[in-house]
**Student:** 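This structure is in structure tokens; I'll ask about it shortly.
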Amino acid sequence: MKFRMYFGGIKTALIVLVILAGATIIILDAIMISGSVPSLITANRTIAAVSLAAAAIVATAAALLLFNSFYKLRDDDLYVMLGFFGDEIEYSDVRTIKVNAVTKEVFVTYRKQEEEEEKEYCVHLNLNRAQSEKILKELTDKCAFAVVEMFDPPAKKSRK
């Protein structure tokens, strides 16, 4: 089962803004290089070409982040894809599944052997409330040996 990452409205808007800015720069640089608009001709096409390439890389990375970020529950592991970075968390490595009692956010704590020592990691699953409840049920089924803990978030401190 596959679950899309949820970044929230503000982060999604910022990522879309980066994609749009990159596309605008690509178009302007292409016009400058082609010389089709006399007022936008540049004397140094190399700088425009480098700018075009950089904008293409940034816009592509932002688009991959927005459209190719997900969690997938496979047969033996939880696969986490963030843009173009993938990671596998084997179900046998999962120690605890922690759930925020108020927001239903899910945190997965797992251990992994690295070189000569075992390290512990915690992953916050960026999902909306409905997806969090679905993935929690699936994870508890696949990680039957993991401890599931509900916790209350700490009270917010006043600034006074």
Side-chain angles (χ1 to χ4, degrees), residues 1-29 50-160:
M1 188 168 232
K2 194 173 178 179
F3 300 89
R4 268 194 88 213
M5 281 190 194
Y6 176 71
F7 295 110
I10 294 173
K11 291 176 188 171
T12 301
L14 288 173
I15 296 169
V16 168
L17 184 66
V18 169
I19 295 168
L20 293 175
T24 303
I25 293 169
I26 291 168
I27 292 167
L28 286 173
D29 286 337
V50 170
S51 174
L52 187 145
I57 290 169
V58 170
T60 302
L64 282 171
L65 179 65
L66 187 61
F67 298 112
N68 194 41
S69 294
F70 60 87
Y71 304 99
K72 186 171 186 178
L73 297 170
R74 301 192 299 197
D75 291 337
D76 297 328
D77 58 24
L78 169 64
Y79 185 70
V80 181
M81 175 60 81
L82 182 63
F84 42 85
F85 298 110
D87 198 15
E88 298 170 346
I89 302 170
E90 297 207 15
Y91 297 130
S92 59
D93 292 338
V94 175
R95 299 295 179 243
T96 57
I97 301 168
K98 298 179 182 184
V99 182
N100 184 320
V102 176
T103 63
K104 301 299 181 203
E105 291 174 285
V106 178
F107 299 84
V108 175
T109 305
Y110 65 99
R111 291 188 184 162
K112 206 168 213 171
Q113 187 72 31
E114 290 187 7
E115 295 176 18
E116 295 181 13
E117 64 180 302
E118 191 174 70
K119 293 187 177 183
E120 188 166 289
Y121 299 94
C122 184
V123 175
H124 170 238
L125 303 184
N126 292 321
L127 299 166
N128 63 29
R129 191 179 188 106
Q131 287 180 318
S132 289
E133 291 173 0
K134 285 181 186 176
I135 203 168
L136 179 61
K137 182 183 178 329
E138 295 286 329
L139 273 175
T140 53
D141 290 345
K142 293 192 181 276
C143 305
F145 46 85
V147 176
V148 178
E149 298 176 2
M150 297 289 279
F151 68 93
D152 289 319
K156 292 188 178 186
K157 296 179 182 179
S158 71
R159 294 188 167 207
K160 293 183 180 181

**Student:** Any Lys/Arg nitrogen of R129 or E105 sitting under 4.0 Å from an Asp/Glu carboxylate oxygen of the other?
**Tutor:**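 No salt bridge links R129 with E105.
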
**Student:** Just verifying a value: how many Å separate F70 CZ and M5 CE, rounded to the nearest 0.5 Å?
**Tutor:**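 Output value for this atom pair is 8.5 Å.
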
**Student:** So for atom NZ, which belongs to K112, do other residues, nucleotides or ligands contribute more than 12 heavy atoms lying within a distance under 6.0 Å?
**Tutor:**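 Counting other residues, nucleotides and ligands, NZ of K112 exceeds 12 neighbours.
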
**Student:** So for atom OH, which belongs to Y6, do other residues, nucleotides or ligands contribute more than 12 heavy atoms lying within a distance under 6.0 Å?
**Tutor:** no

**Student:** Step by step, would you call V123 with L125 a side-chain contact (heavy atoms from CB on, under 4.5 Å)?
**Tutor:** CA-CA 6 Å; V123 175; L125 303 184; 3.9 Å; yes

**Student:** Got a second to check how far C143's SG is from E90's CD, nearest 0.5 Å?
**Tutor:**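 If I round to the nearest 0.5 Å, the distance is 11.0 Å.
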
**Student:** Between Y91 and D75 (side chain of the first, backbone of the second, donor and acceptor by atom type, cut-off under 3.5 Å), is there such a pair?
**Tutor:**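 Here the side-chain-to-backbone pair does not exist.
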
**Student:** Please check this pair: side chain of S69 against backbone of G83, looking for a donor-acceptor N/O pair closer than 3.5 Å.
**Tutor:**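 Yes, S69 side chain to G83 backbone: donor-acceptor pair under 3.5 Å.
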
**Student:** Heavy-atom distance under 4.5 Å between the side chains of E133 and K104, does that happen here?
**Tutor:** yes

**Student:** Stepwise, does the side-chain contact (heavy atoms from CB on, under 4.5 Å) test hold for S51 with I25?
**Tutor:** CA-CA 8 Å; S51 174; I25 293 169; 3.6 Å; yes

**Student:** Distance from T96 atom OG1 to E120 atom CD, nearest 0.5 Å?
**Tutor:** 6.5 Å

**Student:** K142 and R74: which non-hydrogen atoms are nearest, and at how many Å?
**Tutor:**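 Residues K142 and R74, closest heavy atoms: NZ-O, 3.7 Å.
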
**Student:** Would you say K72 and E88 make side-chain contact, with heavy atoms under 4.5 Å?
**Tutor:** no

**Student:** Tell me the closest heavy-atom pair linking V106 and S132, and the distance in Å.
**Tutor:**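 Heavy-atom minimum between the residues: CG2-O, 3.9 Å.
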
**Student:** Could you tell me whether Y121 and Y110 have their ring centroids closer than 6.0 angstrom?
**Tutor:**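 Yes, close enough.
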
**Student:** Indicate the atoms forming the closest heavy-atom contact of V94 with I97, along with that distance.
**Tutor:** CG1-CG1, 4.1 Å

**Student:** Quick one: does T140's side chain have a donor or acceptor within less than 3.5 Å of a partner on K137's backbone?
**Tutor:**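 Answer holds: yes.
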
**Student:** Which heavy-atom pair separates Y71 from I135 by the least distance, and what is that distance?
**Tutor:** CB-CD1, 4.2 Å

**Student:** Is the CG atom of D141 crowded by more than 12 outside heavy atoms at less than 6.0 Å?
**Tutor:**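 Above 12, so yes.
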
**Student:** Do M81 and N68 have side-chain heavy atoms sitting under 4.5 Å apart?
**Tutor:** yes

**Student:** Let me confirm one number: the NZ-CG distance from K11 to L65, rounded to the nearest 0.5 Å.
**Tutor:** 10.5 Å

**Student:** Please answer whether the main-chain N or O of I89 pairs with a side-chain N or O of D77 as donor and acceptor at a distance below 3.5 Å.
**Tutor:** no

**Student:** Can you tell me how far CD of E138 sits from CG of L78, rounded to the nearest 0.5 angstrom?
**Tutor:** 11.5 Å

**Student:** Please give me the minimum heavy-atom distance between I19 and A59, naming the atom from each residue.
**Tutor:**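 Shortest heavy-atom contact: CG1-O, 4.0 Å.
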
**Student:** Please round to the nearest 0.5 Å and tell me the distance separating atom CG of D87 and atom OH of Y79.
**Tutor:** 8.5 Å

**Student:** Looking only at non-hydrogen atoms, find the nearest pair between L52 and I26 and report the distance.
**Tutor:**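 Minimum heavy-atom separation between L52 and I26: CD1-O, 3.7 Å.
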
